[in-house]
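Nothing here was measured: the structure is a model prediction, and the numbers come from that model. When a ligand or atom number is given, it counts from 1 through the structure's own listing order.
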Amino acid sequence: MFLFDKDNKKNLIFPAVAGYGDFFLRAECLKYGAKLAFCEMLSAKGLVYGCENTFELLYCESTKNIGVQIFGSDPSIIKDAIQFDCVKKFDTIELNAGCPVRKIVTNGEGSALMKSPQLLYDIVKGMKSVADGRAVGVKMRAGFNQNEKNAVECALKCEEAGADYVTVHGRTADMLYSGFSDNSAIMEVKKAVKIPVIANGDIVDLGTFNKIAEETQADGFAIARAAVARPNIFATLLGKNTEIDIKYLLTEHFAKLEAAFGERTALGLIKGHINYNLKGLPNVKDIKVAALLAKNKNELLKALKQINYVTHI
Ligand SMILES: Cc1cc2nc3c(=O)[nH]c(=O)nc-3n(C[C@H](O)[C@H](O)[C@H](O)COP(=O)(O)O)c2cc1C
């Protein structure tokens, strides 16, 4: 089970990031100092009804320090889902109570769970009853919208049901990813519960990290988008001066994806990463266009070869 270090600034986490948090990126985040990295969110129904794509998201070279995040709304289906052998291999399981995506929310899943703290309680209680020593956490938002900023109430319910930690992203669900994450919403949760609180939202460098750490006094910190772009951000936040070679990162990432899933799937998956990894770099427009238009491995590698950029974060 993930153990929180007394020095809160050492508890760095790569949270679930659908479409990006594959096995290669998770391993990179751990390599650079994250203590725990999550698989992309999995549908509880997808697991229970045997959807092949759902199982693929669990692909790992090692399950050490990797967590699984589940979304759903039916306590008994979620309970069944976390008892599959392929999920039991992971020692942290997390309930997604923060996803703002319309098709998830309209099913009463993700951030819609925050509208019903009692349902959250029932789900977490059920998860704990079959957790078998695994840590059970909940990742939520500050609230569903500005009029329903009830993270404190939800976190207290999760704690009462036996949750081992909560992660709070300081935006409300209706903000999606716009505006700014509100550290005070996280701080209020930290003051209200006794279980560890992981703060999340807009950590992009040492300055934003120190600010959220001071303002929230949280026990850990989850870094999503900045880590997708530069997984070595974890080393930077830990005070280490590291460099990252973007050409190597993308080439290696593609090679690993190809070995695991084949050329065609790997080509589709790597294109999202190209956008993130090349964002903000000078003189990469043509390379980016060529890489995104690549129809096969040779075209992709030819484009990636032209990247010549080593960066800190
Ligand atoms: C493309 C994308 C996919 C995401 N997928 C998930 C997910 O599957 N589960 C989840 O709890 N949060 C998900 N998130 C939210 C992030 O984990 C994180 O809470 C959010 O991006 C704020 O953190 P950041 O400012 O460090 O990026 C996703 C975010 C993005 C941008």
field: atom 26 (O) of ligand 1: nearest protein contact (heavy atom, Å)
entry: Ala224 N, 2.9 Å
query: With the threshold set at 4.0 Å, does a side-chain nitrogen-carboxylate oxygen contact exist between Lys149 and Asp182?
result: yes
query: So, does Gly98 sit close enough to ligand 1 that a heavy atom of it is under 4.0 Å from the ligand?
result: no
- prompt: Asn96 heavy atoms, cut-off 4.0 Å: which ligand 1 atoms fall inside?
  reply: 9 (N), 10 (C), 11 (O)
statement: If you scan protein heavy atoms around atom 14 (N) of ligand 1, the nearest is Tyr177 OH, 3.3 Å
Protein heavy atom at shortest distance from atom 6 (C) of ligand 1: Ala16 O, 3.1 Å
message: Distance check, rounded to the nearest 0.5 Å: Ser43 atom OG versus Asn53 atom CG?
response: 11.0 Å
query: Can you list the ligand 1 atoms lying under 4.0 Å from a non-hydrogen atom of Tyr20?
result: 1 (C)
field: NZ/NE/NH1/NH2 to OD/OE distance under 4.0 Å, Glu215 and Lys211
entry: yes
- prompt: Looking at Phe221 versus Phe209, is the centre-to-centre ring distance below 6.0 Å?
  reply: yes
statement: Under 4.0 Å from one or more heavy atoms of Arg225, ligand 1 contributes atoms 21 (O), 24 (P), 25 (O), 26 (O), 27 (O), 31 (C)
- prompt: Are the charged groups of Lys256 and Asp22 less than 4.0 angstrom apart, N to O?
  reply: no
task: Identify, for atom 3 (C) of ligand 1, the protein heavy atom at the shortest distance, and state residue, atom and that distance.
output: Ala18 N, 3.3 Å
task: Verify whether one side chain among Thr242 and Asn232 offers a donor that lies under 3.5 Å from an acceptor in the other.
output: yes
- request: Just need the protein heavy atom nearest to atom 18 (C) of ligand 1, so name the residue and atom and give the distance.
  value: Asn200 OD1, 3.3 Å
For Asp202, the ligand 1 atoms whose distance to one of its heavy atoms is below 4.0 Å: 24 (P), 25 (O)
message: Tell me whether Glu258 is salt-bridged to Lys297, with the criterion being a basic N under 4.0 Å from an acidic carboxylate O.
response: yes
query: Among all protein non-hydrogen atoms, which one is nearest to atom 8 (O) of ligand 1, and what is the separation to 0.1 Å?
result: Met41 CG, 3.1 Å
query: Considering only heavy atoms, does Lys139 approach ligand 1 within less than 4.0 Å through its side chain, its backbone, both, or neither?
result: side chain
message: If the threshold is 4.0 Å, N to carboxylate O, is there a salt bridge linking Asp74 and Lys79?
response: no
message: Between ligand 1 and Glu40, can you find any atom pair, the residue atom being a heavy atom, that is separated by under 4.0 Å?
response: no
- prompt: Which protein non-hydrogen atom lies closest to atom 2 (C) of ligand 1, naming both residue and atom, and how far is it?
  reply: Val17 CG1, 3.6 Å
task: Considering heavy atoms of the protein only, find what lies nearest to atom 9 (N) of ligand 1 and give residue, atom and distance to 0.1 Å.
output: Gln69 OE1, 2.8 Å
statement: So the atoms of ligand 1 within less than 4.0 Å of a heavy atom of Pro15 turn out to be 17 (O)
message: If the threshold is 4.0 Å, N to carboxylate O, is there a salt bridge linking Lys31 and Glu28?
response: yes
message: Taking the basic N atoms (NZ, or NE/NH1/NH2) and the acidic carboxylate oxygens, is any pair closer than 4.0 Å for Glu188 and Lys191?
response: no
